[in-house]
2 protein chains.
Amino acid sequence: MSVPLYQAKAELFRTLGHPVRIRVLELLQDGPKPVRDLLAVVEVEASNLSQQLAVLRRAGLVTSHRDGPLVMYALSTSDVADLLAAGRRILGAVLTDRDALLDELRAGGPAR
Amino acid sequence: MSVPLYQAKAELFRTLGHPVRIRVLELLQDGPKPVRDLLAVVEVEASNLSQQLAVLRRAGLVTSHRDGPLVMYALSTSDVADLLAAGRRILGAVLTDRDALLDELRAGGPAR
DNA sequence: TGTTGAGTTGAACAATCCTGCAAGTGCTAA
DNA sequence: TTAGCACTTGCAGGATTGTTCAACTCAACA
């Protein structure tokens, strides 16, 4: 294998590791949208958004095609939504654990 | 909220975006392991592995505790395994799409 | 044909991340 | 109490990323 599997996985996750890219993917979960609409929600320069869209395109997570004067973007597979959902679940688990620890700490908990 | 949710999500994914960290998490899916064992499988300097473990610890994805002379690591929640599985699925979808395109290209497919 | 709106691309600079080396901590056994 | 594993931590580079500005393409329309 030219690129080890775990490296491909790492690249996939790294692609998701950017606030703007995450937001775009979440917005696209509701269906295809033109750049125009994304730009209205995600407050960032047009060229910046375009760069991030290019990253998502290269990774194969989204597809784009021109529709008249607009360029439309869509998730390339609904599996992307699953991945985001899994991320949300983990974040929930990790953050509540962290809060629990924090509460313990505040209460001068078990460890002391 | 002090840290927007989508930024926390991005950080989570970025944490997974490194080959060594991915491998460690996959190894830990089979149960807790000492650094020693991880080091034997993941070919990297001890200090490097330690740095990556620290990243995973800070992100709350793994926990560690000393057991005699060894330090044991474990996944902090089984949700992590779900996330990895979702990643694998997507990678499958994206890569087969890519291969299909590649095949089309080789065959001088539809586009021409 | 020229102009305007919608996006993209290239390039430079700044910010971040990775890696490896050297030094340090903790435990255990001689 | 010294030696020796088993790890961790603190940097100092070098390598990657991210952001922005300017320039460019494409389509629609006056």
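Within every chain, numbering begins at 1; the chains are lettered A, B, ... in the order of the sequence lines, protein sequences first and strands thereafter.
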Check your understanding: Whole Å only: how far is the CG atom of B:L16 from the P atom of C:dC17?
Key -> 15 Å
Review point. Do B:L12 and A:V94 come close enough that some side-chain heavy atom pair is under 4.5 Å?
Key: no
Result block: side-chain N/O donor-acceptor pairs under 3.5 angstrom for residues 56-72 of chain B, not counting sequence neighbours:
residue: B:R57; atom: NE; partner: B:Y73; partner atom: OH; Å: 3.1
residue: B:R57; atom: NH2; partner: B:Y73; partner atom: OH; Å: 3.3

Check your understanding: Do any of residues 21-33 of chain B sit with a heavy atom less than 4.0 Å from DNA chain D, and if so which?
Key -> none
Review point. What closest approach, in Å, do A:G87 and B:L83 show between heavy atoms, and which atom pair accounts for it?
Key: N-CD1, 3.5 Å
Review point. B:E45 has an atom CD; how far is it from atom C1' of C:dG20, in whole Å?
Key: 5 Å
Check your understanding: Could a donor-acceptor pair under 3.5 angstrom be found where the side chain of A:Q51 meets the base of C:dG10?
Key -> yes
Nucleotide N/O of nucleotides 1-4 of chain C paired with protein N/O under 3.5 Å:
none

Check your understanding: To the nearest Å, how far apart are A:Q7 CD and C:dC18 P?
Key -> 13 Å
Exercise for review: Identify the two heavy atoms, one from B:L75 and one from B:L25, that lie closest to each other, and give their separation to 0.1 Å.
Suggested key: CD2-CD2, 3.7 Å
Exercise for review: Just do the side-chain contact (heavy atoms from CB on, under 4.5 Å) check on B:L27 and B:D37 with the steps written out, would you?
Suggested key: CA-CA 10 Å; B:L27 289 168; B:D37 287 11; over 6 Å; no
Check your understanding: What is the distance from CZ of A:R14 to C1' of C:dC17, rounded to the nearest Å?
Key -> 10 Å
Exercise for review: For the pair B:K33 and B:L28, evaluate side-chain contact (heavy atoms from CB on, under 4.5 Å) and give the outcome as yes or no after the intermediate values.
Suggested key: CA-CA 7 Å; B:K33 285 191 173 34; B:L28 292 181; 4.0 Å; yes
Revision key, fill the gap. Rounded to whole Å, CD of B:E43 lies from P of C:dT19 at a distance of 14 Å
Review point. Is it true that A:R88 and A:E26 have a side-chain N and a carboxylate O under 4.0 angstrom from each other?
Key: yes
Check your understanding: What does the inter-axis angle of the helix from C:dT1-D:dA30 to C:dA30-D:dT1 come out as, five pairs per end, nearest 10 degrees?
Key -> 10°
Point to revise | Derivation and outcome, side-chain contact (heavy atoms from CB on, under 4.5 Å), residues A:D82 and B:R89 | key: CA-CA 9 Å; A:D82 294 350; B:R89 271 204 309 286; 3.9 Å; yes
Point to revise | For atom CG of A:L53 and atom C1' of C:dA6, their distance in whole Å | key: 13 Å
Review point. Contact class for B:N48 vs. all strands (heavy atom < 4.0 Å): base, sugar-phosphate, or nothing?
Key: sugar-phosphate
Check your understanding: How close or far is atom P of C:dG7 from atom CG of A:L49, stated in whole angstroms?
Key -> 9 Å
Exercise for review: Tell me, please, the opening and closing nucleotides of DNA chain D, 5' to 3', among those with an atom under 4.0 angstrom from a non-hydrogen atom of chain A.
Suggested key: D:dT17 to D:dA28
Study note, to complete from the structure: Once base and sugar-phosphate atoms are separated, protein heavy atoms under 4.0 Å mark nucleotides 22-30 of chain C, 5' to 3', with B, S and - as B---SSS--
Study note, to complete from the structure: Looking only at C:dT8, C:dT19, C:dA6, the nucleotide nearest the B:H18 side chain is C:dT19
Check your understanding: Looking only at heavy atoms, what is the nearest atom pair of A:P19 and B:Y6, with distance?
Key -> CB-CD1, 4.0 Å
**Study point:** Side-chain heavy-atom pair B:Q51, B:V55 within 4.5 angstrom cut-off
**Key:** no
